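Below is one structure; the comments refer to it alone.
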Amino acid sequence: MNEVSDHLFRRESGRLVATLTRIFGVHNLALAEDVAQDAFCRALEVWKLRGVPENPSAWLMTTAKNRALDVLRRERTARTFAPELGRLLQSEWTLAPTLEEQLSPPAIRDDELRMMFSCCQPRLPETAQVALILHLLCGFSIGEVAAAFLSSEAAMEKRLWRAKKALAGSQTLFDLNGDQIPGRRKVVQRALYLLFNEGYHGACAESAVRVELCQEAIRLARLLLAHPLTATPTSYALAALMYLHAARLPARLNAAGELNALCDQDRSLWDTALLAEGQHLLDLSATGIDLSEYHIEAGIAALHGAASGIPDTDWTAIVFLYDLLLQRRPSPVVALSRAIALAQRDGPEAGITAIQEIPDVDRLARYPFYFAALGELELQRARPETARPHFTQALALARSPTERRFLERRLEATAPRLTPQRPCASPV
Amino acid sequence: MSEFIFLYRSEGNAGSPEQMQQRMQHWMAWMKRLGENGHLKDPGQPLETAGKVVRMHDTVTDGPYAETKDLIAGYTLIEARDLDQAAALAAGCPIFEVGGLVEVRPIIKLDL
């Protein structure tokens, strides 16, 4: 009997919706989603009794095609479909052959990429772009997107409804052959970066969900690398960054979804295949004149990946890269990461001074890991009494059960004990 | 051994793609288990939801027929010792995940 691969439906959902939206026209997005949903319902009914067909993806596409034919026949007087196909879809003479051609592998090859660019409307807030990508291209239901963002289902439904309305109102899907690509590419890269971060740093406590978000971000970044217009050095750097971080996921989250700080991670759990692929992609990204933030972040991740432990990590190079990143993206959070790296290089006092010198440090007043970092450095100075209030404050600001559990454990570490404390950075 | 038919009644199975895939995998595991234990006479066929109902005096109406809740979505032929065993086999059916039900009916033997 044939097996179905993990998340096959979810992946095929993205392909089907993207392709059907191109044929029906972006204003008929909801119809495309309905037809895709029908194809899955049918697959479930048939496959559960008759077994999985030889080529499940092709089966789903054919089923969707037949359903699309029905819809196009039934509604061609009531609706308009994709304007560039309109006339061909109107006539019974051309309807079936046109649909056949539009659903052929070369025609559907770029559909997911086109949809990805379409979801990244600069007018939409970035969180809405990411939610839309997860929903339409990754096949996450509204409830699943809401769970990933720790948002309520009602709030996510509203956000997605608005985003879909904006997409459906944009008249046409993004034109991959036009001259808009370079401008929109940055928005797309940023959305995929945020999607990955949601998985890697995000609030969702369930480690399986977080791994899936990271996997989806990698899958979509791979789509960028597969197209000549989007396979830029920056896209390679973005993909490298994702692989290099994903390699550390098995050690970063334990089975209960709890965070492990970098110094507590069992590095033998790091995925060496992902590390090697990340390094390879980083090598490929080192071309041209653009040095993006993703290059720098991937560089930092690669230095962590190359070290066998905290002591032999090249902290000097990491501080240098953080300085470079700060020049391009002045941000108190980046400055905090730099201070932590500096503390590893020059000792905890230097780290505390660097934290105190962060411009706009008051913008970190609600960031739990600001206080956690101060707590860690005080612990390293063997001053647990000073560390404790910092961790207490951090705990009060925790944004998720995951962070809360992590910070509770750190707070416990300030309790008086006989063995010396191990130095520990925030869970970068 | 006696023969039984399982009639699957449900009102559809919409959900997120991931949920549907999981349901399907539960079904396949259940069918596989029935087969391995020698209970699967014929996996049966899924049925279209659309159809027609034909009554006396040439009355023909489009389906659905009764309440959509009870729509027969497919059937399977089962071999079991007796009705109790057949019912026990049906109890493991994943159709309950979507609030459906299995009707278990003995097939009347031809030779008494």
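Within every chain, numbering begins at 1; the chains are lettered A, B, ... in the order of the sequence lines, protein sequences first and strands thereafter. Please read all numbers here as calculations on a predicted model, not as lab measurements.
Proximity to chain B (any heavy atom under 4.5 Å) is restricted, for A:Arg42, to the side chain, taken from C-beta onward. Both the backbone and the side chain of A:Arg10 come within contact range of chain B, each with at least one heavy atom under 4.5 Å from a heavy atom of that chain.
The side-chain contact (heavy atoms from CB on, under 4.5 Å) test with A:Phe9 is passed by exactly one of B:Arg23, B:Met24, B:Gln22, B:Gln19: B:Met24.
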- Given side-chain contact (heavy atoms from CB on, under 4.5 Å), test B:Glu18 with A:His7 step by step and report yes or no. CA-CA 6 Å; B:Glu18 191 70 8; A:His7 312 305; 2.7 Å; yes
- Task: Using the side-chain contact (heavy atoms from CB on, under 4.5 Å) rule, take B:His26 and A:Lys48 through it: C-alpha gap first, then chi angles, then the decisive distance, then the call.
- Result: CA-CA 9 Å; B:His26 296 162; A:Lys48 72 187 186 189; over 6 Å; no
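For the set A:Ala36, A:Ala43, A:Gly143, A:Cys41, the entry with the most heavy-atom pairs within less than 4.5 Å of chain B is A:Cys41. The residue among B:Ala14, B:Pro94, B:Gly74 with the most heavy atom pairs within less than 4.5 Å of chain A is B:Ala14.
Between the A:Glu144 side chain and the B:Ser16 main chain, no donor and acceptor come within less than 3.5 Å of each other. Using a distance-only test at 3.5 Å, with no hydrogens or angles considered, a donor-acceptor pair links the side chain of A:Arg50 to the main chain of B:Gly44.
Heavy-atom minimum distance, B:Gln21 versus A:Leu8: OE1-N, 2.9 Å. When all heavy atoms are compared, the tightest approach of B:Pro46 to A:Glu45 is CB-O, 3.5 Å.
When the shell of 6.0 Å around CD of A:Glu54 is examined, it contains 12 or fewer heavy atoms from other residues, nucleotides or ligands.
Note: A:Trp47 CH2 to B:Met20 CE = 11.0 Å, rounded to the nearest 0.5 Å.
Annotation: side chain of A:Leu49 is in contact with side chain of B:Tyr8 (closest heavy-atom distance under 4.5 Å).
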